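Note: hydrogens, waters and symmetry copies are ignored here, and every other heavy atom, side chains too, is used. Within every chain, numbering begins at 1; the chains are lettered A, B, ... in the order of the sequence lines, protein sequences first and strands thereafter. This is a predicted model, so every value here is computed, not measured.
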Number of protein chains: 2
Amino acid sequence: MTNEAQAVFTDLERELISFFVNAAQAIGLPRSYGEIYGLFFASDNPLALDDVIEKLQISKGSASQGIRFLKSINALNTTYLPGDRRDHYTAETSLRVIADGFIKERFKPQLKDGTERLKSLKNQYTSSELAPLKSKLENIEAWGKKADLLLPIVSKFLGPKDSKSKKTGLAI
Amino acid sequence: MTNEAQAVFTDLERELISFFVNAAQAIGLPRSYGEIYGLFFASDNPLALDDVIEKLQISKGSASQGIRFLKSINALNTTYLPGDRRDHYTAETSLRVIADGFIKERFKPQLKDGTERLKSLKNQYTSSELAPLKSKLENIEAWGKKADLLLPIVSKFLGPKDSKSKKTGLAI
DNA sequence: CATATTGTTCATTTTTTATTGAACAAATTG
DNA sequence: CAATTTGTTCAATAAAAAATGAACAATATG
């Protein structure tokens, strides 16, 4: 008796998920990532891979990859549940934590890549070849530096890592 | 005698274009947009639609749409060229100008959309229905507000709109 | 005003990206 | 240690996005 209960959402849940699907697509992420985060966000209790598959009716592969990505940017927290061998997760709700994760995993590598391309470009050509573009090149180099300086400012602005902002003295 | 001169780039030009193709894809824009901006960036003189088609060997449609988008975010400036009826453009090199344009055209509308979805969601349900999610909902509402406050800070940080930063007294 | 030039639009095609699910590996259980 | 549970991987497929180019509108030219 395989209990394949058709997942049914309340209207509210459906709309919340749709909200995050929309948000995901806005920042260039697959819709399934938005669905998954939305599901966790709307849920009161920790969920496992199976729950995601069953409730969202998506494939095992999608669910697995989506959860992995969301973990990688710290949008999902791992929860221990006694007596259950499966991994369980809950939605991280601190914007700063998620933004930091996203920046570190997605944005910084791109920035680094661009900086390196520029550097190798400059090394590869003689100053006279580069001369006509010199000021423009220096300008886009400055872009990278500015972006790098900006990121920690953005992060701080987005608030505390701990939404309750308690000073625990136990910073990790 | 239709002069369909096969466009040939120097290595330097090719690499510069490739740099911007990469950057475009990093922020979720079509590669053709990156190619086009790169072409203008690498060029000393203003170019017209035809030049883009010929040099990049892309279709009229792509070139037209790419130029339109780049104009819309102020990444291309329109230039008047006496004795030529075609529109000519040059690359804008102020990061702030481009970032502002991108934010205004791409980011803000998404943000507004998200905010409105949330508002309608809150209006649509009774407080008791929303109660279990109250704090979480308030939290993501705060995300939107923070993002809104952050944008002008980011903008200012990215530097002057006029790369020479002259005080002309002619602010428009 | 007929013709040529310039640029846009949008249905079709191509390319890219996301999703699926079967096969697999790893860990756990009895 | 065989059977089961859990999660990952990745080739195949489906879906979405970008590029093409012919048809079109708008403007200029002679």
Side-chain angles (χ1 to χ4, degrees), chain A residues 1-4 7 17-18 20-40 46-72 76 78-89 106 110, chain B residues 1-4 7 17 20-40 46-73 76 78-89 106 110:
Chain A
M1 195 232 276
T2 50
N3 185 355
E4 285 299 334
I17 291 169
S18 151
F20 285 107
V21 165
N22 202 267
Q25 288 178 323
I27 57 173
L29 296 177
R31 63 172 287 124
S32 65
Y33 292 11
E35 289 183 285
I36 295 169
Y37 181 79
L39 175 64
F40 280 100
L47 303 174
L49 181 66
D50 288 352
D51 301 316
V52 173
I53 294 167
E54 187 192 312
K55 297 203 178 177
L56 294 176
Q57 306 270 98
I58 64 178
S59 72
K60 219 177 176 185
S62 277
S64 176
Q65 295 198 162
I67 287 173
R68 176 190 336 181
F69 172 79
L70 291 170
K71 273 195 291 179
S72 83
L76 290 183
T78 305
T79 296
Y80 170 67
L81 231 68
D84 195 328
R85 175 140 85 82
R86 299 170 302 165
D87 297 335
H88 286 71
Y89 310 96
R106 280 276 167 126
Q110 296 284 6
Chain B
M1 195 230 275
T2 49
N3 185 353
E4 283 300 333
I17 291 168
F20 286 107
V21 165
N22 202 267
Q25 288 179 322
I27 57 173
L29 296 178
R31 62 172 288 124
S32 65
Y33 293 10
E35 289 183 283
I36 295 169
Y37 182 79
L39 175 65
F40 280 101
L47 303 173
L49 181 66
D50 288 352
D51 301 316
V52 173
I53 294 168
E54 188 193 311
K55 299 202 176 175
L56 294 176
Q57 307 270 97
I58 63 177
S59 72
K60 219 177 176 185
S62 277
S64 175
Q65 294 199 162
I67 288 173
R68 163 159 18 149
F69 172 79
L70 291 169
K71 274 195 290 178
S72 84
I73 64 163
L76 290 182
T78 304
T79 297
Y80 171 67
L81 231 69
D84 195 328
R85 177 140 85 83
R86 299 170 302 166
D87 296 336
H88 286 72
Y89 310 96
R106 280 278 168 125
Q110 295 284 5

J.: Rounded to whole Å, how long is the line connecting atom CD1 of B:I67 with atom P of C:dG7?
T.: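 Spelled out: CD1 on B:I67 to P on C:dG7 is 8 Å.
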J.: When the distance from CZ of B:F69 to C1' of C:dT8 is rounded to whole Å, what number comes out?
T.: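 Those two atoms, CZ and C1', are 18 Å apart.
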J.: Considering just the side-chain nitrogens and oxygens of B:S64, establish if one lies under 4.0 Å of OP1 or OP2 belonging to C:dG7.
T.: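 So the side chain of B:S64 is outside the cut-off, no N or O lying under 4.0 Å from OP1 or OP2 of C:dG7.
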J.: Just jot down the ring-ring contact (aromatic ring centres under 6.0 Å, His included) partners of B:F40, sequence neighbours excluded, or say none.
T.: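 Per chain and number, B:F40 pairs via ring-ring contact (aromatic ring centres under 6.0 Å, His included) with no residue.
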J.: Mind checking whether A:L39 and A:E35 have side chains closer than 4.5 Å, heavy atoms only?
T.: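 They are not in side-chain contact.
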J.: Could you check how far CG of A:D50 sits from P of D:dT8, rounded to whole Å?
T.: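 Between P of D:dT8 and CG of A:D50: 12 Å.
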J.: In whole angstroms, how far is the C1' atom of D:dT6 from the CG atom of A:L81?
T.: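 The answer, rounded to whole Å, is 15 Å.
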J.: Residues in salt bridge (Lys or Arg N to Asp or Glu O under 4.0 Å) with A:R86, at least two apart?
T.: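 Residues passing salt bridge (Lys or Arg N to Asp or Glu O under 4.0 Å) with A:R86: A:D50, A:D84.
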J.: Measure the distance from NE2 on A:H88 to C1' on D:dT6 and round it to the nearest whole Å.
T.: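 The answer, rounded to whole Å, is 12 Å.
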J.: Partners of B:P30 by side-chain contact (heavy atoms from CB on, under 4.5 Å), sequence neighbours excluded?
T.: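 Counting only residues at least two positions away or on another chain, B:P30 forms a side-chain contact (heavy atoms from CB on, under 4.5 Å) with B:S32, B:Y33.
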J.: Residues two or more places apart in sequence or in another chain: which of them pass ring-ring contact (aromatic ring centres under 6.0 Å, His included) with A:Y89?
T.: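 For A:Y89, no residue satisfies ring-ring contact (aromatic ring centres under 6.0 Å, His included) once neighbours in sequence are set aside.
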J.: Using a 4.0 Å cut-off on protein heavy atoms (strictly under), produce a 5'-to-3' string for nucleotides 11-30 of chain C with B for base contact, S for backbone-only sugar-phosphate contact, and - for none.
T.: -------SSBB------S--
J.: To the nearest Å, how far apart are A:Y89 OH and D:dT6 P?
T.: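 Rounding to the nearest Å, OH of A:Y89 and P of D:dT6 are 13 Å apart.
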J.: Nearest-Å distance, CD1 (B:I36) to P (D:dA19)?
T.: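 One finds 8 Å between P of D:dA19 and CD1 of B:I36, rounded.
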J.: Could you state the atom-to-atom distance from CG of B:L49 to P of D:dT20 in whole Å?
T.: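 My rounded result for the distance is 13 Å.
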J.: For B:S72, enumerate each residue passing the side-chain contact (heavy atoms from CB on, under 4.5 Å) test, keeping only those at least two apart in sequence or located in another chain.
T.: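 side-chain contact (heavy atoms from CB on, under 4.5 Å) list for B:S72, sorted by chain: B:F69, B:E105.
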